[in-house]
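Each remark here refers to the structure printed beneath this line.
Computed from a predicted model, the values in this text were never measured in an experiment. Convention: sequence-line order gives letters A, B, ...; per-chain numbering from 1.
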There are 2 protein chains.
Amino acid sequence: MATRPYTHSLERLRMAGLRPTRQRLALVRLLFERGDRHVTAEQLHAEALANGTRISLATIYNSLHQFTSAGLLREVVVDPARRYFDTNVSVHHHFFHEDDGVLHDIPGDRITLAGLPDAPGGTEIDRVDVVVRLRSARG
Amino acid sequence: MATRPYTHSLERLRMAGLRPTRQRLALVRLLFERGDRHVTAEQLHAEALANGTRISLATIYNSLHQFTSAGLLREVVVDPARRYFDTNVSVHHHFFHEDDGVLHDIPGDRITLAGLPDAPGGTEIDRVDVVVRLRSARG
DNA sequence: GTGTTTGCAAAGTGTTTGCAATTTA
DNA sequence: TAAATTGCAAACACTTTGCAAACAC
């Protein structure tokens, strides 16, 4: 059965307390209508433009951060040069292909972490990230 | 028993195939004579200057990368804004305190990872990083 | 002496910000 | 129309690079 993408995206923004502007709607559609995605600001900007959406890079950055604060996205730190945003906000981990910068999800229940030390005094664990770094196999 | 820091640092550079220049020797001493450390380029630069070593930030960056290529250091990716270098190159993981940017080691044998998926076809696992992100405990 | 290393200053990359114009409700 | 949002251009933080002078061997 077909979903109603426009309404769905609109409601997603409303639920997040964000005004459904033309730009935000376009981004929400790009981000969430194609399953789990990992994007950088530049990638998303290029996609939006290719898609016919006039939007500035500044607005992309603003929106990615607003979406992240609202819990619609989460950031993945794997590369000191770029910020990746992940449409999957459930507990999970990542493969990161260092040669081409591509990220893939590893389901959260796939990996078991045992022996995790307690958080040091005065702190609490925000989250635990596992990154499996890949290289192209040698010849 | 006292070690011989100067000779030790000198040999460390020689073994890495790097000419023991005044700057590199100073950095090796700062990095390796105080146990395991996690530094950024700016931090190390400030330390070197405070220490009386005249050295440019460009040389700090060059040296950190040369040391990393030589296996003396490894990079830790936890913050998209900064590159951290770790003097502990054995298998281990990290606590990262998000509020103040401080890193602490978790011994490699402390955490057990089970169920790690195989590397996708054509790739091989370079390494697996576990980052435990901490926040100050709320009141 | 020859090749390596350094350091400056300039350039580069990705991200953030100030503010006037535009848009939403 | 009041408040939120956008987009430009400038500013920013950090890192890298080109090249002449200094240094190691």
Study note, to complete from the structure: Sorted by chain and residue number, the salt bridge (charged side-chain N to carboxylate O under 4.0 Å, His left out) partners of R37(A) (sequence neighbours excluded) come out as E47(A)

Review point. Do F95(A) and V128(A) share a hydrophobic cluster (ILVMFWY, side-chain heavy atoms under 4.5 Å, transitive)?
Key: yes

Practice item. Enter the inter-axis angle for the ends of the helix from dG1(C)-dC25(D) to dA25(C)-dT1(D) (five pairs per end, rounded to 10°). Key: 30°

Exercise for review: Report the residues that fulfil ring pair (Phe, Tyr, Trp, His ring centres under 6.0 Å) with F85(B), sequence neighbours left out, ordered by chain and then residue number.
Suggested key: H65(B)

Check your understanding: How about D118(A): does its CG atom have over 12 heavy atoms from other parts shown lying under 6.0 Å from it?
Key -> no

**Study point:** Euclidean distance, atom CG of residue L44(A) to atom C1' of dT15(C) [Å, nearest integer]
**Key:** 15 Å

Return the polar atom pairs (N/O with N/O) between nucleotides 19-25 of chain C and the protein under 3.5 Å, or none.
unit_1  : atom_1 : unit_2 : atom_2 : d
dT24(C) : O2     : R19(A) : NH1    : 3.1

Point to revise | Any residue meeting salt bridge (charged side-chain N to carboxylate O under 4.0 Å, His left out) with R19(A), in chain and number order, not counting sequence neighbours | key: none

Point to revise | Q23(A) CD to dC8(D) C1', straight-line distance once rounded to whole Å | key: 14 Å

Check your understanding: Which of residues 69-85 of chain A sit near DNA chain D, with a heavy atom under 4.0 Å from it?
Key -> none

Revision key, fill the gap. In numerical order, the residues of residues 45-67 of chain A whose heavy atoms come under 4.0 Å of DNA chain D are R54(A), I55(A), S56(A), A58(A), T59(A)

Study note, to complete from the structure: Rounded to whole Å, CG of L13(A) lies from C1' of dT6(D) at a distance of 15 Å

**Study point:** Residues which pass side chain to side chain donor-acceptor pair (under 3.5 Å) with N62(A), listed by chain and number, not counting sequence neighbours
**Key:** none

Revision key, fill the gap. With sequence neighbours left out, the residues meeting salt bridge (charged side-chain N to carboxylate O under 4.0 Å, His left out) with D126(A) are R135(B)

Exercise for review: May I ask whether L57(A) and V28(A) are part of the same hydrophobic cluster, defined by side-chain heavy atoms of I, L, V, M, F, W, Y residues being less than 4.5 angstrom apart, directly or through others?
Suggested key: yes

Exercise for review: With sequence neighbours excluded, give me every salt bridge (charged side-chain N to carboxylate O under 4.0 Å, His left out) pair touching residues 48-73 of chain B.
Suggested key: none

Review point. Any link between F32(A) and L30(A) through a network of hydrophobic side chains (Ile, Leu, Val, Met, Phe, Trp, Tyr) touching at under 4.5 Å?
Key: yes

Revision key, fill the gap. Taken in chain and number order and not counting sequence neighbours, the residues that satisfy salt bridge (charged side-chain N to carboxylate O under 4.0 Å, His left out) with E42(A) are none

Point to revise | Beyond-backbone contact of D129(B) with R133(A), side-chain heavy atoms, under 4.5 angstrom | key: yes

Practice item. Hey, could you give me each pair passing side chain to side chain donor-acceptor pair (under 3.5 Å) that has a residue in residues 104-116 of chain B? Not counting sequence neighbours. Key: H38(B)-D105(B), N88(B)-D105(B), H92(B)-D105(B), H94(B)-D105(B)

Point to revise | Nearest-angstrom distance from the residue atom CD of E42(A) to P of dT16(C) | key: 12 Å

